[in-house]
Amino acid sequence: MRGFAGAAAALAGAGALAEGLRRSLTADTPADAAAAGPLLLAVAATGLLAAWRAPSAAVPASAASALAVVAAVGGVVRAGVPESWGAPGYLLCAAVLAVSARPPLPPGVLRGACWASAAVHALAVPAAAAALAVALAGPAGRVGAIWEGAPATVREALPGLPAPGAPLSVPVVLAGAAVLPALLALRPRALPALRPAVTGPWRGAAAAVALVLGWAALAVLPWAVDAPYPAAVCWQTAVALGALAAGARSRPVPSGPRHDAGEGVPAVAALLCAAGSAVSAVALALATRTATFAVLGVLTAALAVAARRSAGPVRPAALGAAAVLAATGLAGAAAGASGLPAHQAALVLLAVPAAAAGVGGRLGRHPAALPVELASVPAGAAAVLAASGDAAWASLVLALCGVVAAAAALRPERRPAAAHLAAGLFLVATWVRLFAAGATAPEPYTLPVTVAALVVGALRRRRDPGTSSWRAYGPGLAATAVPGLLWALVDGQGTRPLLLGSAALVVTLVGAHRRLQAPLLVGGGVLVVLGVHELAPYVVQAVGALPRWLPPALAGALLLGVGATYEQRLRELRRMRDGIGRMR
């Protein structure tokens, strides 16, 4: 019976709360909003009484009471201020309620008040966050108008923002929403109800939320006040630098069970905020040449300093890679401002991989060395792409990239990968240069290299019989097989397919006889590709001459045969795999 009465009371209270909220939210004047106050306050008093008498329902009942109080007071504030300032009024009421909820109120009542305040914050922040997203991403729309002139004010770069004056409440809402998380992280005693829950990772999460909301309030401020363009660029860059300093200077997260698992969360949040402001500042600065160089230069220097001073293995690597990316943008801006043709300006971009290789060599085996070097790959790729319009310059750029890779290969920890990369770049540069010179046949250039490489490989295997055939013969065979196969596929006329196929057959037989894996697989692969390429036209003609029902029937019969002998074929494939695996 008591349960039925409680359910009926909860249903009636929910209906009264909904009606009070409707009246408060639709009121046009403070007097109309105050008229809904008695109903909301009555609901609040009833819920508080129920929470006090029934501890099992204390949290939901007190949360409903707190929402009713916030609606009663905040509704009057909303009706008395401009439309866009209603949300800050509700936030203020919710924050005051959460801070003022103290003992001797029961713990369930205190928790319910805090949950109600959190719900009000969760309802107020999304609208402001949407305006923040527009403000941060809006400058990206000007990427197609690089260096065409700066707008007078920042709002001209974001025509989709609300009318002047309306977004001014956005930073106020974001800053107000950051107050409670900041109190949870810095002064838990200010919120007695949640003091037991702000230890461990929750405290770090609260600090991260407060930091993100505070950053959002600062980041959206120039668009809220319609600041002049130079002031907006400087402000957004300063916000990025401040967030970067906060993320780089915080202590690293120690390892071990006794350490707080949420210590590194604020640092990660600060670095993500810095990345958002930095990207927005760069996009906004693309309107003028001076702003572009200034912002990219400041960000590159700041990221390099932060990477050097930050602690731990992860943050220096991430910040170093970000510094290289910013330097890539700075080099691209310098190449665009040089006035040189694209294929010549590509040399400016190569300064980034060269500098990154030097920094990586200085760092040695530091965890940040590899990310710094890998972050310079886009600069090298952009240089090759810019020089692709002129074959001679493209060959030069590829060769210079090979020089950088060869310099990195001098270090023992980079030798295997960088050496192969350098060899590949030099090889591609050579073929691009030959193509530019009008070479029509690869064999006169590749056969001497193949013969010399095979002789060296044979001598190496004589001295060290355990050397793999891929190390001894693979490079020499590929030097002729790959270009010859590409030429045969592109221009299959003449005797090249026949000669290449015959040579591949000989190499395959030698590999099978000597039990050498590299000749067998290279020669067999060339034979298979050539056979498919040469027989494909005849197969298509033969299939076209057959009745339409015959190919599906043959395919079905083939599937039936394979299915019937599946286990036997599987054993044969395993024996073949094992046999090839035993080869050297």
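Just the heavy atoms: all of them, side chains too, but no hydrogens, waters or symmetry mates, feed the values below.
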Would you say Val507 and Val522 make side-chain contact, with heavy atoms under 4.5 Å?
-> no
Whether Thr237 side chain and Val233 backbone form a donor-acceptor pair below 3.5 Å | yes
Taking C-beta and beyond as the side chain, do Val482 and Leu477 meet within less than 4.5 Å on heavy atoms?
-> no
Look at the side chain of Thr450 and the backbone N and O of Gly476, then say whether any donor-acceptor pair between them is shorter than 3.5 Å.
-> yes
Which pair of heavy atoms, one from Pro371 and one from Ala317, lies closest together, and at what distance?
-> CG-CB, 3.6 Å
Can you check whether Arg309 reaches Val305 side chain to side chain, under 4.5 Å on heavy atoms?
-> yes
Run the numbers on Trp470 and Gln517 for side-chain hydrogen bond (donor to acceptor under 3.5 Å, both in side chains), then give the verdict.
-> CA-CA 7 Å; Trp470 287 105; Gln517 193 177 98; 2.8 Å; yes
Tyr445 and Trp431 aromatic ring geometry - parallel, tilted or perpendicular at 30°/60° bounds = perpendicular
Do any N or O atoms from the side chain of Thr467 and from the backbone of Arg461 form a donor-acceptor pair under 3.5 angstrom?
-> no
Looking at CD of Glu443 and CG of Leu500, how far apart are the two atoms once the value is rounded to the nearest 0.5 Å?
-> 7.5 Å
Val397 pairs by side-chain contact (heavy atoms from CB on, under 4.5 Å) with which of Leu350, Val432, Leu385?
-> Leu350
Looking only at heavy atoms, what is the nearest atom pair of Thr328 and Ala375, with distance?
-> OG1-O, 4.5 Å
dist Leu447:CG -> Thr480:OG1 (nearest 0.5 Å) comes out at 4.5 Å
Backbone of Gly276 reached by a side-chain donor or acceptor of Ser280 within 3.5 Å | no
Nearest heavy-atom contact between Ser395 and Arg433 is OG-CB, 3.3 Å
Could you pull out all residues at least two apart from Arg411 that satisfy salt bridge (charged side-chain N to carboxylate O under 4.0 Å, His left out)?
-> Glu373, Glu413
Minimum heavy-atom distance Ala321-Val372, with the two atoms named | N-CG2, 4.2 Å
Do side-chain atoms of Arg414 reach the backbone of Gly361 as a donor and acceptor pair under 3.5 angstrom?
-> no
Output the distance between atom CG (Leu319) and atom CG (Leu244), rounded to the nearest 0.5 Å.
-> 6.0 Å
Check whether any side-chain N or O of Thr495 sits under 3.5 Å from a backbone N or O of Leu498 as a donor-acceptor pair, and report yes or no.
-> no
Considering non-hydrogen atoms only, spot the tightest contact between Leu527 and Leu505 and give its length.
-> CD1-CA, 3.8 Å
Nearest-0.5 Å distance, CG of residue Leu296 to CG of residue Leu286 | 7.5 Å
With the side chain counted from C-beta on, respond yes when Pro519 and Val510 share a heavy-atom pair under 4.5 Å apart, and no when they do not.
-> no
Would Leu520 and Leu516 satisfy side chain to side chain contact (heavy atoms under 4.5 Å, CB included), going step by step from the backbone distance to the final call?
-> CA-CA 6 Å; Leu520 176 64; Leu516 299 175; over 6 Å; no
Counting only heavy atoms not in Phe435, do more than 12 sit closer than 6.0 Å to its CZ atom?
-> no
Where do Val239 and Ser277 come nearest, in terms of heavy atoms and distance?
-> CG1-OG, 3.5 Å
Are Leu347 and Leu400 close enough that some pair of their side-chain heavy atoms sits under 4.5 Å apart?
-> yes
Measure the spacing between CG of Leu325 and OG of Ser376 and express it to the nearest 0.5 Å.
-> 9.5 Å
State, yes or no, whether a side-chain contact exists between Pro442 and Arg496 at a heavy-atom distance under 4.5 Å.
-> yes
If you measure from CG on Leu425 to CG on Leu398, what distance do you get to the nearest 0.5 Å?
-> 6.5 Å
